Each structure stands twice: as structure tokens, then as C-alpha cells.
Peer 1: 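I have a structure I would like to understand better, so I am pasting it below and will then ask my questions one at a time.
Computed from a prediction, not measured in an experiment: that's the story for all the values here.
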Amino acid sequence: MAGQTLWYGLSNVGGRFLNYFLTFLHTALFNTSEYGDVSIFYANAALLSILFTYGMETTYFRFAKDKEQNASVYSTGFMSLLLTTFIFSLALIFSRQPIADFMKVEKHPEWITWLAIIVAADTLAALPFAVLRQQNRPRKYATIKLA
């Protein structure tokens, strides 16, 4: 159990350290006001990630305990995530200019598009990562997560 905790923790902490080191790159590339805009996007990405996944990882762990239902639970959960992610992402992309105006980054509506694409990719990866955790494959989980 300690070994699994190490691998799962390493991948999460490693990703956060990478983000920390990217701060130096961001502050070199953006002026102070633009970097403030970027930090707002980080906060919104966290909120959107919660909304896009709507607790599906926890739901998967709850219902995938039975080996016979495992494939059915995964396919139902993934199809649900795929459909809602597609709808939510399209809504963000098609309304990117009003959202950019509201967030006061009207010069960069493409940032909204990138945010939608990144959150969508992260959402669609959530359930496969939950499967790796359920299958007790911490090394594979950590390797893929850090890559």
C-alpha cells in the first residue's frame, strides 16, 4: 500500500512541480497584467474540471467492484463523459467571445478555446486513469500521468 501511495503521490506532486517551474516561463513571456489573466484561467480550469467530470471517477469506483458489471459501468460512464464533454466544450467554444469579454481578456478569445480543449482532454482521461487505479497498476498510472 505504501508503494502505491508513493507512485500515485509522485505523479500528482510531480505534475504540480512542473506547473510551479512553468511559472518562471510564464512570467518571462507575459507582462504582469497578462500573467494575472493566465492565473484566472488556472482557477477556471479547476472549476471546469469539476463540472465536466461530475464525480464520475468516484461513481466508477463505487459501481465497478463487481467484475461482471465492470465493462458495462466503464462503457456507460465513458459514453456519458464523452457526450457531456462534447456538449460543454462546444458551448464554451461557440461562446468564447462573450466569455472572453466577461473575463476581460477580449483580445484573446482563443484562450477560451484552448481552455475548453485542455479540460475536455483531461476529462476524457479521468475514467481510464480510474481504471488503472482500480486494477492496482500504480507504476503505469504514474508513468502515463507524468508523460
Peer 1: Nearest 0.5 Å, what's the CD1-CH2 distance between Ile93 and Trp114?
Peer 2: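 Answer for the CD1-CH2 pair, Ile93 versus Trp114, is 10.5 Å.
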Peer 1: Dump the intermediate steps for side-chain contact (heavy atoms from CB on, under 4.5 Å) on Leu92 and Val119, then the final yes or no.
Peer 2: CA-CA 11 Å; Leu92 284 173; Val119 170; over 6 Å; no
Peer 1: Is it possible for you to say whether Leu124 and Met79 belong to one hydrophobic cluster, with membership spreading through side-chain heavy-atom contacts below 4.5 Å?
Peer 2: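 The answer is yes; both residues are in one hydrophobic cluster.
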Peer 1: Could you tell me which non-hydrogen atom of Pro109 sits nearest to which non-hydrogen atom of Ala100, and how far apart they are?
Peer 2: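 Distance-wise, the nearest heavy atoms are CA-CB, 3.9 Å.
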Peer 1: Taking the side chain as every heavy atom from C-beta outward, state whether Phe88 and Thr123 have any pair of such atoms under 4.5 Å apart.
Peer 2: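 Phe88 does not reach Thr123 side chain to side chain.
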Peer 1: Roughly how far, to the nearest 0.5 Å, is CD1 of Ile87 from CZ of Phe52?
Peer 2: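 If I round to the nearest 0.5 Å, the distance is 10.5 Å.
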Peer 1: Once you round to the nearest 0.5 Å, how far does CG of Leu82 lie from CG of Leu127?
Peer 2: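 Going from the CG atom of Leu82 to the CG atom of Leu127 covers 11.0 Å.
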Peer 1: Measuring only between side-chain heavy atoms, which start at C-beta, is Asn70 closer than 4.5 Å to Gln134?
Peer 2: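 Heavy-atom side-chain distance check passes, below 4.5 Å.
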Peer 1: Answer yes or no: does atom CZ of Phe61 have more than 12 heavy-atom neighbours from other residues, nucleotides or ligands under 6.0 Å?
Peer 2: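 More than 12 heavy atoms, drawn from other residues, nucleotides or ligands, come within 6.0 Å of this atom.
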Peer 1: Do Phe102 and Tyr42 share a hydrophobic cluster (ILVMFWY, side-chain heavy atoms under 4.5 Å, transitive)?
Peer 2: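 In one cluster with Phe102: Tyr42, yes.
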Peer 1: Could you name each residue pair satisfying side chain to side chain donor-acceptor pair (under 3.5 Å) that touches residues 138-147, not counting sequence neighbours?
Peer 2: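 Output for this query is empty, none listed.
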Peer 1: Nearest heavy-atom pair of Gln97 and Glu106: which atoms, and what distance?
Peer 2: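 For Gln97 versus Glu106, the nearest heavy atoms are NE2-O, 3.4 Å.
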Peer 1: Is the closest side-chain donor-acceptor distance between Ser80 and Tyr54 under 3.5 Å?
Peer 2: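 Yes, a side-chain donor-acceptor pair sits under 3.5 Å.
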Peer 1: Going from CG on Asp122 to OG on Ser49, what distance comes out if it is rounded to the nearest 0.5 angstrom?
Peer 2: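 One finds 5.0 Å between CG of Asp122 and OG of Ser49.
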Peer 1: Could you identify which residues cluster with Ile50, counting Ile, Leu, Val, Met, Phe, Trp and Tyr as linked when any side-chain heavy atoms lie under 4.5 Å apart, either directly or through a chain of such contacts?
Peer 2: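 In the cluster with Ile50 there is nothing else; it is isolated.
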Peer 1: Could you check whether any side-chain N or O of Asn44 sits under 3.5 Å from a backbone N or O of Ile40, counting only pairs where one atom can act as donor and the other as acceptor?
Peer 2: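 Judged by distance alone, yes, a pair lies under 3.5 Å.
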Peer 1: Quick check: is Phe86 connected to Phe94 through a chain of hydrophobic side chains (ILVMFWY, heavy atoms under 4.5 Å apart)?
Peer 2: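 Yes; tracing contacts between hydrophobic side chains, which count when under 4.5 Å, links both residues.
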Peer 1: To the nearest 0.5 Å, tell me how far Ile112 CD1 sits from Asp101 CG.
Peer 2: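 Answer for the CD1-CG pair, Ile112 versus Asp101, is 9.5 Å.
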Peer 1: Where is the tightest heavy-atom contact between Leu115 and Ala45, given as atom of each residue plus distance?
Peer 2: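 Residues Leu115 and Ala45, closest heavy atoms: CD1-CB, 3.6 Å.
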Peer 1: Over 60° means perpendicular and under 30° means parallel, so classify the ring planes of Phe17 and Tyr20, tilted if in between.
Peer 2: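 The rings of Tyr20 and Phe17 stand perpendicular, inter-plane angle above 60°.
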Peer 1: Any side-chain heavy atom of Met103 within less than 4.5 Å of one from Trp111?
Peer 2: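 Heavy-atom side-chain distance check fails, nothing below 4.5 Å.
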Peer 1: From Leu48 CG over to Thr53 OG1, what is the distance, rounded to the nearest 0.5 angstrom?
Peer 2: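 Spacing of CG (Leu48) from OG1 (Thr53) equals 10.5 Å.
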Peer 1: Can you sort out the partners of Val131 under side-chain contact (heavy atoms from CB on, under 4.5 Å), two or more places apart, ordered by chain and number?
Peer 2: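 Residues passing side-chain contact (heavy atoms from CB on, under 4.5 Å) with Val131: Tyr60, Tyr74, Gln135.
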Peer 1: What are the two closest non-hydrogen atoms of Ala126 and Glu57, and how far apart are they?
Peer 2: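 It is O-OE2, 3.5 Å.
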Peer 1: Looking at every heavy atom in both Met56 and Gly77, which two are closest together, and how far apart are they?
Peer 2: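 Looking at all heavy atoms of both residues, the shortest contact is SD-CA, 3.9 Å.
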